[in-house]
Amino acid sequence: MADRQTHEGGPGIRALPLVGLALAAACTTGAGSSTTTLAVPSSTTTTTAVAPTTTSTIVTTTEPIDPARVVADGLAASSANYRFSSVVLVGEETLTSIMGVVDGEAVSAQIATGTSEVSYVRTPEGEWVTGADGEWVELEGEPPVGAPLAALSDAGDFVLESGDASQAVITGVLGPAAGSAQGIPFTLTVEGGQVTEIRYEVDTGGEIAQVVTTLSEFGSAGTVAKPEGV
């Protein structure tokens, strides 16, 4: 997250870019076997005719998985409204943690770095952050917190690592929409058709930090509105 100044001389905010696995399907078809026995009665003798038994071979086919399509479908199913939690880790140390809600084009978040914590809100009307006195002040420039799934909108080079009909893991490379994280490899998890986790690593200046974002409450995360009094 880049340093940013508020219109009213409020605090700067530093954080790393936010971003932070996909779906496979197989189809199996087969036919069973049947046996038919026909009995024909007679007044003097009884003759039983038995039809030959035929057993068909079960054929199993596996459809190829298109990871790009899985990612696109997962983003479409997940991106309108959700809750997210992101952590930036160096070793076992947490540098930054973010808890937030994405509601369409609006984002709200609680950002904790070291011993400081601020609240952030962005709507189509503008963006604001709480200052040292707890009052909302308006921001300008690049937002310190973006919608995690928006950073995947132009990612590419997708490869299916593993997966089945209910869960899959896909790797890819972040595109320009990820900002300063462009070109960084990432790992994505899709469960039940929705994106549930994003992971990638970034160099923070001599140290490798791991960024992990988890997503939940799709469609029921709540609304984000402009702060009162601003």
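Partners of Pro185 according to the side chain to side chain contact (heavy atoms under 4.5 Å, CB included) rule, which considers only residues two or more places apart in sequence or in another chain, do not exist here. Residues that satisfy the side chain to side chain donor-acceptor pair (under 3.5 Å) test with Thr171, not counting sequence neighbours, are Glu161. Partners of Thr94 according to the side chain to side chain donor-acceptor pair (under 3.5 Å) rule, which considers only residues two or more places apart in sequence or in another chain, do not exist here. Shown here are the side chain to side chain contact (heavy atoms under 4.5 Å, CB included) partners of Ser85, two or more places apart in sequence or in another chain: Met99, Thr214. Residues passing the side chain to side chain donor-acceptor pair (under 3.5 Å) test with Glu135, sequence neighbours excluded: none. Judged as a side chain to side chain contact (heavy atoms under 4.5 Å, CB included), and not counting sequence neighbours, the contacts of Asp157 are Val173. Scanning for side chain to side chain contact (heavy atoms under 4.5 Å, CB included) contacts around Gln110 gives Glu117, Ser119, with sequence neighbours left out.
Using a 4.5 Å heavy-atom cutoff, the side chains of Phe84 and Leu149 are not in contact. Counting heavy atoms from C-beta outward, Glu197 and Val212 have side chains that approach closer than 4.5 Å. Using a 4.5 Å heavy-atom cutoff, the side chains of Val129 and Val137 are in contact. No side-chain heavy atom of Phe158 sits less than 4.5 Å from a side-chain heavy atom of Val70. The shortest distance between side-chain heavy atoms of Val101 and Tyr82 does not fall below 4.5 Å. In this structure the side chain of Thr196 never reaches within 4.5 angstrom of the side chain of Ser216, judged on heavy atoms.
Applying the salt bridge (Lys or Arg N to Asp or Glu O under 4.0 Å) test to residues at least two apart or on different chains, the pairs with a partner in residues 70-80 are Arg69-Asp73. Every pair passing salt bridge (Lys or Arg N to Asp or Glu O under 4.0 Å) that includes a residue from residues 74-103 is listed here, sequence neighbours excluded: Arg83-Glu217.
The shortest heavy-atom contact between Gly193 and Ala77 is O-CB, 3.6 Å. In plain terms, the two heavy atoms of Ala209 and Val88 that are nearest each other are CB-CG1, 3.9 Å. Nearest heavy atoms, Glu127 versus Tyr120: OE1-OH, 2.6 Å. Listed here is the closest heavy atom pair of Ile98 and Ala109: CG2-CB, 3.8 Å. Considering every non-hydrogen atom in both Ser79 and Val102, the closest pair reads O-CG1, 4.4 Å. What you find for Ser108 and Val121 is that their closest heavy atoms are CB-CG2, 4.1 Å.
Of the inter-residue distances, the one linking Arg199 atom CZ with Leu89 atom CG reads 8.5 Å to the nearest 0.5 angstrom. Going from atom CG of Leu174 over to atom CD of Gln182 covers 9.0 Å, rounded to the nearest 0.5 Å. The line from CD1 of Ile208 to CD of Glu201 is 6.5 Å long, rounded to the nearest 0.5 Å. Taking OH of Tyr200 as the reference point, atom OG1 of Thr213 lies at 7.0 Å (rounded to 0.5 Å).
Ser78 contributes no side-chain N or O that, together with a main-chain N or O of Leu75, makes up a donor-acceptor pair within less than 3.5 Å.
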In sequence, state the C-alpha distance, the side-chain angles, and the governing distance for Leu152 and Val71, and then conclude on side-chain contact (heavy atoms from CB on, under 4.5 Å). CA-CA 9 Å; Leu152 300 178; Val71 172; 5.6 Å; no
Give the C-alpha distance, both sets of side-chain angles, the deciding distance and a yes or no for side-chain contact (heavy atoms from CB on, under 4.5 Å) between Val145 and Ile111. CA-CA 9 Å; Val145 178; Ile111 309 169; 3.3 Å; yes
Under 3.5 Å, which donor-acceptor pairs do the side chains of residues 219-227 form with other protein atoms, sequence neighbours left out?
{"residue": "Lys226", "atom": "NZ", "partner": "Val230", "partner atom": "O", "Å": "3.2"}

